[in-house]
Amino acid sequence: MAFNPAEIPGLPAEELARRCDPAELPFGATDEIEGLDQLIGQDRAMDAIRLAAEMRHRGFNLFVLGPTGTGRRSAVDRLLAEQAQKLPVPDDWAYVNNFDAPDKPRALRLPPGTAQRLRGAMQGLVDDLAIDIPALFESDEYQTQRRALDEEYGERQETAMADFVEKAKAENVALLRTPMGFMLAAIRDGKVVKTEDYDKLDEAEQQAIDEKIARLQEELAKVLREAPKLDKELRGKIEILHASMAERAVSARVGELKAEFCDIAAACAYLDDVHKDMIANAELFLAAQANAKSGPFPEAIRKYHREPPFERYVVNVMVSRDGPEAGGAPVVAEDLPTLDHLTGRIEHVSQMGALITNFTLIKPGALHRANGGYLVLDARRVLTEPFAWEALKQCLKNRSIAITSMAERLSMVSTTSLQPDPIPLRVRVVLIGDRVLHALLVMLDPDFADLFKLQADFEESIDRTGDTVVPFARLIAAHAVRDGLKPFAAAGVARIIDEATRIADDSKKLTLHLGALSDLMREADHYAGEAGRARVEAEDVARAVREKDRRASRVKDRMQEAVTRGTILIDTDGAKAGQVNGLSVIGLGDFRFGRPSRITARCRMGAGKLIDIEREVELGGPLHSKGVLILAGYLAATYALDAPFSLHASLVFEQSYGGVDGDSASSAELYALLSALSELPVAQGFAVTGSVNQTGDVQAIGGVNEKIEGFFETCLTRGLTVRQGVLIPKSNVEHLMLRDDVVEAARAGRFRVIPVASIDEGIAILTGRAAGARDATGAFPEDSVNGRVEARLREYAEARRRFGRTGRGEEGGGGEGDAP
Amino acid sequence: MSAATVTRRRILIGAGSFADAETAIAIAERIAEAVAADLGGVMVEEPDAAGVAGLHCQRVVTSSGMLMVAPSSAQMRILVASDARAFRARLARVAEARALHWSFERRRGELVSGLWEAARSWDLLLLGHRPVHRRRGSVVAILPTGASESDARALGETLASALGTGIVTMGPMAGAEAEAEEALLRRVGRTNAAVVIVDLAAGPFRGPDALRRLLDAARCPVLVIGAGRAPATIAHTTQIPPAPHEDGST
């Protein structure tokens with residue numbers, strides 16, 4: 001009986017693509033319906049985000065995972081903003097000087113809106129005291145007291161010296177000045193007793209002179225040694241005087257501030273410290289006034305608080321809110337999450353060749369700004385920034401923000417640094433990333449699971465049902481409004497829905513890659529504008545789809561050209577044994593296309609070896625090798641079970657030099673092998689896709705639409721016959737969403753898509769011969785495909801046995817034919 | 001007096017050591033800022049100090065109250081020479097910074113007597129004395145009996161303003177001259193003075209002996225006005241020229 005592939009029925013056209021009927025949409029255009037601003041089909045993820053936003057316990061930070069373009073970021077922003085409004089405004093934070101240990105700045109926690117006020121108040125305090133204190137020290141009261149002290153102590157020393165001089169004079173001893181100091185000399189008859197005069201004196205007189213000189217020397221030394229003590233005593237008295245003068249000025253002004261901030265304990269405590277320090281360092285204000293007199297500007301407008309000596313009174317505001325009425329907790333997104341941007345940094349300035357710092361050079365980071373609220377980060381960016389991830393984890397674990405510099409961590413800089421008080425941290429961190437990153441973190445980072453207990457897994461698609469199509473249309477309407485596009489007619493919306501199904505690679509689904517659909521809508525809007533339409537129609541959307549494919553299909557077209565010109569050998573008619581058209585998908589970015597490949601099988605007697613030539617030359621990936629091994633297992637377990645497996649076969653993808661992976665062609669390879677073994681030719685008008693398991697079931701594969709369309713284009717270029725089509729796994733039928741030209745060709749009976757569920761089913765279609773099933777005796781029908789394959793394998797086994805007995809002729813020696 | 005007719009005042013600084021001279025030079029610098037001045041320096045090596053240094057009981061009491069072994073005569077000469085060089089260099093630096101004429105000489109003999117003669121051609125004589133403590137004192141102007149205004153007071157006020165201190169005026173109390181001078185010296189000796197200003201012409205201190213006593217009592221630099229009008233006791237030297245006549249001839 002002649003085999004006619006044209007008689008083999010394919011799927012009806014209606015099953016090759018699920019088209020949305022515009023008439024079923026309850027609107028004429030999108031401007032007639034209310035847009036849907038929320039996501040659909042993401043309930044699982046949205047619930048997780050809501051939980052993360054509302055949960056107040058620590059450790060429930062969130063990782064948002066899923067593909068880009070599914071609206072992850074906008075959903076996070078919206079939900080966090082909603083929840084943040086319900087939370088109280090967090091406190092302000094500032095760093096102030098630690099007067100006792102300047103290298104350990106103190107963190108000041110203040111009610112919202114207070115930090116800036118305190119900073120301004122301190123600036124005013126410094127400016128006021130820079131005028132008040134000098135005025136007080138120029139007052140008659142101070143000058144009089146100071147003069148009195150100077151005179152008192154001056155006179156005390158002078159009196160002591162005068163008394164000594166008079167005493168010395170009374171004992172006839174003169175005080176001489178020499179380059180080294182004072183010397184005492186006896187006076188006799190109004191003249192100094194020199195050495196030669198002394199030698200002439202009798203012993204008693206000499207002794208008397210020696211005694212009084214020595215005694216008076218001691219007394220003079222004692223008087224002179226008193227001077228530093230008196231100096232110290234005077235300094236102490238002057239300090240007390242200064243303190244009392246400064247205290248009056250400082251107390252008055254600081255008292256005003258304390259009254260202003262009386263209800264804030266932290267501010268009052270700080271002002272107490274400022275009070276003490278200003279009194280102890282009143283000379284700063286005197287020095288500033290002295291400098292001011294030499295400056296070009298009148299004193300009245302001089303900003304003393306900006307001068308370096310008064311940096312010690314700066315309030316370094318780290319975070320400031322607008323006040324309790326500002327409305328909610330912060331939601332901060334840090335787009336460049338470096339270590340410094342996250343945790344803040346301590347800057348340094350160069351002075352005299354050294355790097356120095358102080359508390360005014362502490363700068364806040366995103367964690368400071370987000371404290372009390374939410375922080376949104378891109379996971380990949382955090383992980384690629386040196387030390388950022390570790391710092392973030394450390395802050396979350398310790399519940400405080402510790403500022404460290406990268407140079408310090410690398411021990412690259414040896415300079416003065418600070419140990420500021422850590423600021424308590426209460427923040428919810430939301431990381432947005434892809435699934436691979438999430439999986440790696442879960443597997444490899446022991447801290448991750450403890451710190452990020454929640455995950456919001458965004459779906460890639462949603463079921464396409466009557467309940468979801470209209471909300472999806474409303475989503476399209478919202479995007480049109482958001483992007484300022486023309487309204488989409490119902491037909492245009494229907495076309496986009498179809499495209500959403502196509503992108504989802506499943507006729508029962510709608511993609512949730514809204515980014516891709518938005519791009520399509522924008523391009524369609526442009527074409528509608530070109531055509532002068534007020535609404536975007538189906539043809540505009542179709543054109544956008546076509547043009548997008550066309551822009552990306554140069555490589556596909558060149559490959560197709562090579563097939564058409566016969567450079568790449570692909571048969572699309574006739575029949576050949578041991579040769580099948582396989583199908584593969586090539587992806588370039590978001591563009592995928594299918595292309596046929598010739599798969600050939602050759603076999604002979606051997607030792608049960610099935611050679612995958614792709615694997616032998618390392619062009620086959622592991623999944624491809626797995627597929628080949630599976631089909632080898634099928635062969636070995638299906639045929640001639642009572643004989644040694646004595647096949648030597650080779651399989652190859654002809655003219656394929658770029659590497660092959662995946663097992664979607666394993667059924668095609670098996671068909672080629674069965675054809676070669678049975679010597680039954682395979683119809684070349686068919687292409688085959690589908691993976692096979694060891695029991696002969698044909699399993700679903702990916703990219704079914706692109707594969708079918710790839711072979712269709714090859715056939716179309718040569719002219720469609722009625723004997724062409726593609727065998728696909730039955731389980732892939734519901735994934736079909738083919739182009740209109742393929743559907744129309746199928747409807748006209750010029751091309752077929754044939755679902756198969758088993759190898760037997762497929763080989764029967766390809767060879768036109770029944771596969772055959774074992775009868776009660778366990779034998780296949782003799783002329784069936786299986787029967788012929790089994791017969792061939794038995795022949796190989798018998799031939800191998802004969803060679804083994806006679807021991808001649810086999811290459812490689814006799815060991816190969818021995819029984820296992 | 002108009003700016004065009006400001007008279008250059010000539011100041012002679014005399015001291016027996018650099019420590020004494022340094023304080024005086026600082027004061028002379030302040031005076032020079034107020035009035036244009038020529039500067040002169042005289043380092044007087046007093047033989048008394050060298051003469052008593054060799055006594056076996058002799059020790060030097062430093063300004064800080066330390067007792068040190070007295071230098072030998074040879075060491076004393078070296079120290080005096082070194083002080084003279086330092087005095088000269090310091091004087092030169094101050095003068096050249098202000099584009100002033102300056103001169104320097106070394107002498108040997110009693111300090112006040114030697115300077116008394118040397119100062120005849122100078123407007124002001126500044127006798128140096130090292131400070132015995134660091135507290136800045138007032139400018140003390142010695143006025144003659146019953147006088148409220150004098151050159152000493154005027155110069156004292158200028159100097160007090162330049163030094164940033166106050167001025168105290170003193171004069172002899174009523175009574176016999178000797179007792180009055182003694183009382184005045186006691187008062188001066190117990191006053192913390194930065195400099196004592198006296199006008200020889202106005203009194204009450206007129207001769208070198210009185211000046212010596214005043215210097216010993218003040219224990220601070222003494223600025224003498226009118227030293228050039230004092231009677232001469234020695235001839236001029238080539239280094240210390242005589243005062244020019246009014247017509248500018250020497």
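Residue numbers start from 1 in every chain, and the chains themselves are labelled A, B, ... in the order their sequence lines are given, proteins ahead of strands.
In the model, Ser251(A) has a side-chain atom that pairs as donor or acceptor with a side-chain atom of His275(A) under 3.5 Å. Side-chain contact, Glu226(A) with His133(B): no donor N or O sits under 3.5 Å from an acceptor N or O. A side-chain donor-acceptor contact under 3.5 Å links Asn358(A) and Glu311(A).
Cation-pi check for Arg130(B) over Phe18(B) is not met; the charged atom does not lie both under 6.0 angstrom from the ring centroid and within 45 degrees of its normal. In this structure, Arg156(A) forms a cation-pi arrangement with Tyr153(A), its terminal cationic atom sitting closer than 6.0 Å to the ring centre and no more than 45° off the ring axis.
Proximity to chain B is absent for every atom of Val223(A), based on heavy atoms less than 4.5 angstrom apart. Using a 4.5 Å cut-off between heavy atoms, Thr191(B) contacts chain A through its backbone alone, with no side-chain atom that close. With a 4.5 angstrom heavy-atom cutoff, Asp48(B) touches chain A via backbone and side-chain atoms both. Using a 4.5 Å cut-off between heavy atoms, Ile213(A) touches chain B through its side chain atoms alone. Neither the backbone nor the side chain of Leu185(B) comes within less than 4.5 Å of any heavy atom of chain A. In this structure, chain A has a heavy atom under 4.5 Å from the side chain of Leu67(B), while its backbone stays farther away. Both the backbone and the side chain of Ala53(B) come within less than 4.5 Å of a heavy atom of chain A. Pro179(A) touches chain B through backbone and side chain together, each having a heavy atom under 4.5 Å away.
By the 30° and 60° cut-offs, the orientation of the rings of Phe310(A) relative to Tyr304(A) is perpendicular.
The greatest number of non-hydrogen atom pairs below 4.5 Å with chain B, out of Leu176(A), Thr178(A), Ile209(A), Leu220(A), is found for Thr178(A). Looking only at heavy-atom pairs under 4.5 Å with chain B, the residue among Gln206(A), Arg147(A), Met161(A), Glu151(A) that has the most is Met161(A). Most heavy-atom pairs under 4.5 Å with chain A, from the set Gly51(B), Pro47(B), Pro71(B): that is Gly51(B). In terms of heavy-atom pairs under 4.5 angstrom with chain B, the leader among Leu234(A), Leu175(A), Leu230(A) is Leu230(A). Interface summary for chain B: among Asp163(A), Asp197(A), Asp150(A), Asp199(A), the most heavy-atom pairs under 4.5 angstrom belong to Asp163(A). Ranked by heavy-atom pairs under 4.5 Å with chain A, the list Met68(B), Met66(B), Arg186(B), His56(B) is led by His56(B). Between chain A and the options Ser63(B), Ala50(B), Ala217(B), Gly16(B), the largest number of non-hydrogen pairs under 4.5 Å is found for Ser63(B). Taking chain B as the reference chain and counting heavy-atom pairs below 4.5 Å, the highest number among Glu155(A), Glu196(A), Glu166(A) is found for Glu166(A).
Between Arg219(B) and Val165(A), the shortest heavy-atom distance links the atoms NH1-CG2, 4.3 Å. Between Pro204(B) and Leu184(B), the shortest heavy-atom distance links the atoms CG-CD2, 3.8 Å.
With hydrogens and angles ignored, the 3.5 Å screen pairs a side-chain donor or acceptor of Thr158(B) with a backbone N or O of Ala154(B).
Interatomic distance, Leu125(B) CG to Ile11(B) CD1, rounded to the nearest 0.5 Å: 10.5 Å.
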